[in-house]
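These notes are about the structure you will find just below.
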Amino acid sequence: MASIQDLQDRLSLYKQAEIRILQGQSYQIGTISYTRANLRDVQSEIARLEGALSQAIASHSPGGLMQHNQAVFRGRR
């Protein structure tokens, strides 16, 4: 599992990439359009990293317990 610092560093890079994409990192030559990065993919990774970072911080906080789900099979726990 990645460290909290690694997750923060990656999240920062992805947020910088999102800004650059939103500022217009695409261009057109003739009828062909080129995009350096897919905004949807970058935003999806930002959301994933934010979730992973939240979990990592919660698991390292003093007295913090991570919540978990309980599976239910055939109506029994």
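In this chain, numbering begins with 1 at the start of the sequence shown.
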Apply the test salt bridge (charged side-chain N to carboxylate O under 4.0 Å, His left out) to residues Arg48 and Glu45: give CA-CA distance (whole Å), side-chain angles for both, the deciding distance (0.1 Å), then the verdict.
CA-CA 5 Å; Arg48 188 194 72 75; Glu45 184 63 9; 2.8 Å; yes
State plainly whether one hydrophobic cluster holds both Leu39 and Leu11, where clusters connect Ile, Leu, Val, Met, Phe, Trp and Tyr through side-chain heavy atoms under 4.5 angstrom apart.
yes
Would Ser12 and Gln16 count as having a side-chain donor-acceptor pair, cut-off 3.5 Å?
yes
Looking only at atom types and distance, does a side-chain atom of Ser54 sit under 3.5 Å from a main-chain N or O of Glu50, one as donor and one as acceptor?
yes
Run the numbers on Ile57 and Leu53 for side-chain contact (heavy atoms from CB on, under 4.5 Å), then give the verdict.
CA-CA 6 Å; Ile57 291 170; Leu53 186 56; 3.9 Å; yes
Leu22, Leu49: one ILVMFWY side-chain cluster at the under-4.5 Å cut-off?
yes
Closest approach of Val42 to Tyr14 (non-hydrogen atoms, all atoms of both residues):
CG1-O, 3.5 Å
Ignoring hydrogens, what is the shortest heavy-atom contact between Ile4 and His60? Give both atom names and the distance.
CD1-ND1, 3.9 Å
Ile46 and Glu18: which non-hydrogen atoms are nearest, and at how many Å?
CD1-OE1, 3.6 Å
